[in-house]
2 protein chains.
Amino acid sequence: MGTEDRKEREKEQMRQLIIKTAMQLFIEKGMDNVSIRAIAEKIEYSPGSIYSYFKDKGEIIHAIHTEGFEKLYALQKTLDGVENPVEKLAQMGRLYMKFALENRDYYDLMFIAKGVAEKITEKQEWEVGNRSYDYLRETVKACIEQGYINDPNVDAVTFGIWGFVHGMAALIIRGRCAMMPEEFIEQTVAGSLRFMYTHLITNSKS
Amino acid sequence: MGTEDRKEREKEQMRQLIIKTAMQLFIEKGMDNVSIRAIAEKIEYSPGSIYSYFKDKGEIIHAIHTEGFEKLYALQKTLDGVENPVEKLAQMGRLYMKFALENRDYYDLMFIAKGVAEKITEKQEWEVGNRSYDYLRETVKACIEQGYINDPNVDAVTFGIWGFVHGMAALIIRGRCAMMPEEFIEQTVAGSLRFMYTHLITNSKS
DNA sequence: TTATATATTGAACATTGTTTAATTATTGAA
DNA sequence: TTCAATAATTAAACAATGTTCAATATATAA
């Protein structure tokens, strides 16, 4: 009797519906203005019901968080064919920034928001994130090995480059760019990325 | 009759007491676990009283936020005597990172936390922050003018360097560094800063 | 059909920021 | 000093939050 299986499937469907609805509301009303009650109302269930599908609100957020990492990794994988590691690094930087600015709620949850990382205790939970980090790290490693980056410390360079792109994204997303007019941000970021890749990498090969 | 003045002074004292107490509790219990009631209890006042000194909780947080910028700028000013702009930039990076990691609650409020920047509508409120940003910008400008940095776009370089240091700080403070063991973080950051300044600046003069 | 397991509900709880009417304390003039 | 006016403080209440739980409805298996 496949009843058990169907039940399982329905449960998973309900979980997905909750996640989807939560994300919709996140985008619509901002991450901090979405209550369990609002999610429940939108799917026409009682607030209490949510708790038979998720332990707490944090678990919903964490599910979205994981979804975001899937999306980001999928984007990174589109660079698989790029042979030159420097070119790959440059493209990855632009791609990462694009992802961050076009999916601000996802990005916020993944890399900025409080109370998300804190609840991850099992190592396996970080896997989706580590996968993306390793993708960057391998590219940096190739740059070093092929003499494009003149620094033997793979981890320091990788973390630095990640920090560089994340830093700009985070400052923009969290509204810390009052020193420049809104319409200049995009070109400034583009200039920063160009500056970084031009000087950090190309120049140091000579 | 100096009664008016004294009243004013007492009011200011009370404001300071509230801010001080709030900051204490922030450090003690974490920024998100401090309620108005907790602050009130600690200073042995009723919760309602707080509201005759601050419009709302955001105003308390904003006061601490401003205090943080004063501290940071004071630190930056200790570099006034450094003549070589590259040296100054390198020291500023280390100093900034040190400030961030040793005053995580302040730093969080200043550059990461939500709902702080959003409430700042008057331009003058950004002054404390802009002062610090300009200090960095002037140093970068000097580096460019003296040929240490080979890129004419002052704003792009400044924003990029800020993003670079902020990015690492933010990732650490918000617990996104699970890919490396805790005890490696410090040396990795030091390595990243060194990498940045070595390659971005010194090399590009030639 | 009936008993058992499951899903869902709505009310309740504690905690939050905030408001407000009532109370208490303080002040300046008579 | 006394007393009215001003200011400061309080306690109670409000609405909204995440979460729990006993009661109810539904679906399943015998």
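Just so we're on the same page: letters track the sequence lines, and every chain starts at 1.
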Between atom [atom1] in [X] and atom [atom2] in [N], what is the gap in whole Å?
X        : N       : atom1 : atom2 : answer
Ile39(B) : dT10(D) : CD1   : P     : 15 Å
Ile36(A) : dC21(D) : CD1   : C1'   : 16 Å
Tyr51(A) : dT19(D) : OH    : P     : 4 Å
Ile50(A) : dT9(C)  : CD1   : P     : 10 Å

Quick one: are the ring centres of Phe69(B) and Phe111(B) less than 6.0 Å apart?
yes
For [X], which residues count as a side-chain hydrogen bond (donor to acceptor under 3.5 Å, both in side chains) partner, sequence neighbours excluded?
X         : result
Lys71(A)  : none
Glu87(B)  : Gln91(B)
Asp155(A) : Arg137(A)

Go through residues 56-68 of chain A and report each residue with a non-hydrogen atom lying under 4.0 Å from DNA chain D, sorted by number.
Asp56(A), Lys57(A)
Donor-acceptor pairs under 3.5 Å, side chain of residues 13-20 of chain A to any protein atom, not counting sequence neighbours: which ones?
unit_1	atom_1	unit_2	atom_2	d
Arg15(A)	NH1	Tyr53(A)	O	2.8
Gln16(A)	NE2	Glu12(A)	OE2	3.0

So which pairs with a foot in residues 105-116 of chain A pass side chain to side chain donor-acceptor pair (under 3.5 Å), sequence neighbours left out?
Glu67(A)-Tyr106(A), Tyr96(A)-Tyr107(A), Tyr107(A)-His166(A), Asp108(A)-Arg174(A)
How bent is the helix from dT1(C)-dA30(D) to dA30(C)-dT1(D), comparing axes over its five end pairs at each side, to the nearest 10°?
20°
Please identify each residue that fulfils side-chain contact (heavy atoms from CB on, under 4.5 Å) with Ala178(B), with sequence neighbours left out.
Trp126(A)
Name all residues meeting the side-chain contact (heavy atoms from CB on, under 4.5 Å) criterion together with Ser49(A); count only those two or more places apart in sequence or in a different chain, and write none if there are none.
Tyr45(A), Ser46(A)
For the residue pair Asn130(A) and Tyr135(A), confirm or rule out a side-chain donor-acceptor distance under 3.5 Å.
no
Output for pair (Met168(B) CE, Trp162(A) CH2), nearest 0.5 Å, gives 12.0 Å
Please write out the pairs of protein N or O atoms and N or O atoms of nucleotides 6-8 of chain C separated by less than 3.5 Å, giving the distance to one decimal.
unit_1	atom_1	unit_2	atom_2	d
dT8(C)	OP1	Tyr45(A)	OH	3.2
dT8(C)	OP2	Tyr53(A)	OH	2.5

Using the six-membered ring wherever Trp is involved, compare the ring planes of His199(B) and Phe195(B) and label them parallel, tilted or perpendicular (cut-offs 30° and 60°).
tilted
Most 5' of Asn33(B) and Glu44(A) on DNA chain C, judged by nearest nucleotide:
Glu44(A)
List for me each residue that meets salt bridge (Lys or Arg N to Asp or Glu O under 4.0 Å) alongside Glu182(B), sequence neighbours excluded, and say none if there are none.
none
Take Asp80(B) and Lys77(B) through the test salt bridge (charged side-chain N to carboxylate O under 4.0 Å, His left out) and record every step on the way to the result.
CA-CA 5 Å; Asp80(B) 273 354; Lys77(B) 288 294 265 180; 3.3 Å; yes
Show the distances under 3.5 angstrom between N or O atoms of the protein and N or O atoms of nucleotides 12-15 of chain C.
unit_1	atom_1	unit_2	atom_2	d
dA12(C)	N6	Arg37(A)	NH2	3.4

